[in-house]
Amino acid sequence: MPVADAAAPGALLLCRAEPPVVRPVAHLLRERMLLAPAGDGWSVLVPATKPWLTGAGPVDEVLAGWAGALTVAAGRPVIALWWDDTRAGYTLASGFRRTVGYVWLSDGTPLGEGEAMRTFAARLGLDPVHDMEALDGLTRPDSAADARARLLGLIAILARTGVVLPAGLGPGEPTDRLRSVAAAHGAEAIEWSGWRDAVRAELDAVEEGPLGPWVRGPKARLVGAVQLAAGLPLTAWGLVRRSGGWTTAGAVLLAHGALGLAYDRMRARPGA
């Protein structure tokens, strides 16, 4: 079975984070995407545009750039799956480390290096014996497995980490079909709407996370008040004693407290 026709390469981005974490950083790509859950602790981003057909570069280079930007912004691993009429492969981006990837020709002939698979397994915390054995199988010649089958095999291995793609959303399909399938599953549309909305989305994500109560709300206001109460006498003590260290410590507490209270008040306003 061919990977895709020459006019319809495709791609998927698997992010090792829940959609609320991925949503704000996906906005920063400034590309139209569809976002959906992809199993326990995973999300999938489906490109709604085809920049690789409009001079942005080959699909693998475009996806590698997106994966790198997402992993740096979200602090989570991102796997870019891509395919065109001649090749298919993956790119794993993980923090600021060098990306790793593997490529197969459309007929399934492996072109990558085994070391890439070992690095892939280590960075995702896969089983060094059983999972690595399965990954090694993807690097061996197999006349019955084309590039699409290789990517499906990779996804089957990732399923052991919790990856579950929505039905019908898989490698080998053109972008238009992936987009329609994702929309049918109720995927959320991600679209660049300016830096202000992007920053607001990032703030919303922080406030909805574990640190939310300490960023905004009664606990945040209490912390701000305590910092002001502690910073004022500490600054005064430092000035009286002519101690630069104590004065600086007090000034930092005052600044943090004031900024925390100001942020809480600002975000409480309608439309903030």
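Along the sequence shown, residues are numbered consecutively beginning with 1. Since we're looking at a predicted model, the values are computed, not measured.
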Checklist entry - So does R123 have more than 12 non-hydrogen atoms from other groups sitting under 6.0 Å from CZ? => result yes

Next on the checklist: Using the rule given for side-chain contact (heavy atoms from CB on, under 4.5 Å), can you reason through C15 versus V78, listing the C-alpha separation, both sets of side-chain angles and the distance that settles it, and then say yes or no?
Outcome noted: CA-CA 4 Å; C15 308; V78 178; 4.2 Å; yes

Item to check | Qualifying residues under salt bridge (charged side-chain N to carboxylate O under 4.0 Å, His left out), relative to R97, sequence neighbours excluded | outcome: none

Checklist outcome for this item: Shortest non-hydrogen pair, Y102 vs A116, comes out as CD1-CB, 4.5 Å

Checklist entry - So if you build clusters from Ile, Leu, Val, Met, Phe, Trp, Tyr with side-chain heavy-atom gaps below 4.5 Å, do V72 and L63 land together? => result no

Next on the checklist: Check whether W52 reaches the backbone of G10 with its side chain - one donor and one acceptor, N or O, closer than 3.5 Å.
Outcome noted: no

Next on the checklist: Check whether R148 reaches the backbone of P171 with its side chain - one donor and one acceptor, N or O, closer than 3.5 Å.
Outcome noted: yes

Next on the checklist: Please tell me whether L152 and L178 are part of a single hydrophobic cluster in this structure, the criterion being side-chain heavy atoms less than 4.5 Å apart.
Outcome noted: no

Checklist entry - How far does OG1 of T175 sit from CG of L12, to the nearest 0.5 angstrom? => result 8.5 Å

Checklist entry - How far apart are the closest heavy atoms of E18 and G41, and which atoms are they? => result OE2-N, 3.0 Å

Next on the checklist: Hydrophobic clustering (ILVMFWY, side-chain heavy atoms < 4.5 Å, transitive) - are L126 and V164 grouped together?
Outcome noted: no

Checklist outcome for this item: The reported gap from CG in L81 to CG in L14 (rounded to nearest 0.5 angstrom) is 5.0 Å

Next on the checklist: Using 0.5 Å steps for rounding, measure from the OG1 atom of T161 to the CH2 atom of W42.
Outcome noted: 4.5 Å

Checklist entry - In the single-linkage hydrophobic clustering (I, L, V, M, F, W, Y; side-chain heavy atoms under 4.5 Å), do L228 and L232 co-cluster? => result yes

Checklist entry - Looking at residues at least two apart in the chain, or sitting in another chain, which of them share a side-chain contact (heavy atoms from CB on, under 4.5 Å) with A187? => result L34, A36, A182

Checklist outcome for this item: Here the pair of heavy atoms bringing R150 nearest to D142 is NH2-N, 3.4 Å

Next on the checklist: Check this for me: does any side-chain nitrogen of one of R160 and D127 sit under 4.0 Å from a carboxylate oxygen of the other?
Outcome noted: no

Item to check | Derivation of the side-chain contact (heavy atoms from CB on, under 4.5 Å) call for V100 and E115 | outcome: CA-CA 9 Å; V100 296; E115 182 60 32; over 6 Å; no

Item to check | Donor-acceptor under 3.5 Å (W82 side chain, A64 main chain) | outcome: no

Checklist outcome for this item: Only one of T91, I79, D131 passes side chain to side chain contact (heavy atoms under 4.5 Å, CB included) with F120, and that residue is I79

Item to check | Those residues that, when tested against S43, pass side-chain contact (heavy atoms from CB on, under 4.5 Å) (two or more places apart) | outcome: P19, V22, L35

Next on the checklist: How long is the straight-line distance from CG of L151 back to CG of L158, given to the nearest 0.5 Å?
Outcome noted: 10.5 Å

Item to check | R23 side, atom CZ; L45 side, atom CG - distance, nearest 0.5 Å | outcome: 11.0 Å

Next on the checklist: Show the nearest heavy-atom pair for residues W66 and P47, with the distance to one decimal.
Outcome noted: CZ3-CG, 3.7 Å

Next on the checklist: Quick one: does any side-chain atom of R179 pair with a main-chain N or O of A48 as donor and acceptor, under 3.5 Å?
Outcome noted: yes

Next on the checklist: Is it the case that the side chain of T71 and the backbone of A67 share a donor-acceptor pair, with hydrogens and angles ignored and the cut-off at 3.5 Å?
Outcome noted: no

Checklist entry - What is the distance from atom OG1 of T139 to atom CE of M117, rounded to the nearest 0.5 Å? => result 6.5 Å

Checklist entry - Given the rule that I, L, V, M, F, W and Y join up when any side-chain heavy atoms are under 4.5 Å apart, are L111 and V59 in one cluster? => result yes

Item to check | Nearest non-hydrogen partners of L169 and L165, listed with the distance | outcome: O-CD1, 3.3 Å

Checklist outcome for this item: Closest non-hydrogen contact found for L92 with P77 is CD1-CB, 4.2 Å

Item to check | side-chain contact (heavy atoms from CB on, under 4.5 Å) assessment of L13 paired with M33 | outcome: CA-CA 10 Å; L13 285 161; M33 301 267 180; 4.3 Å; yes

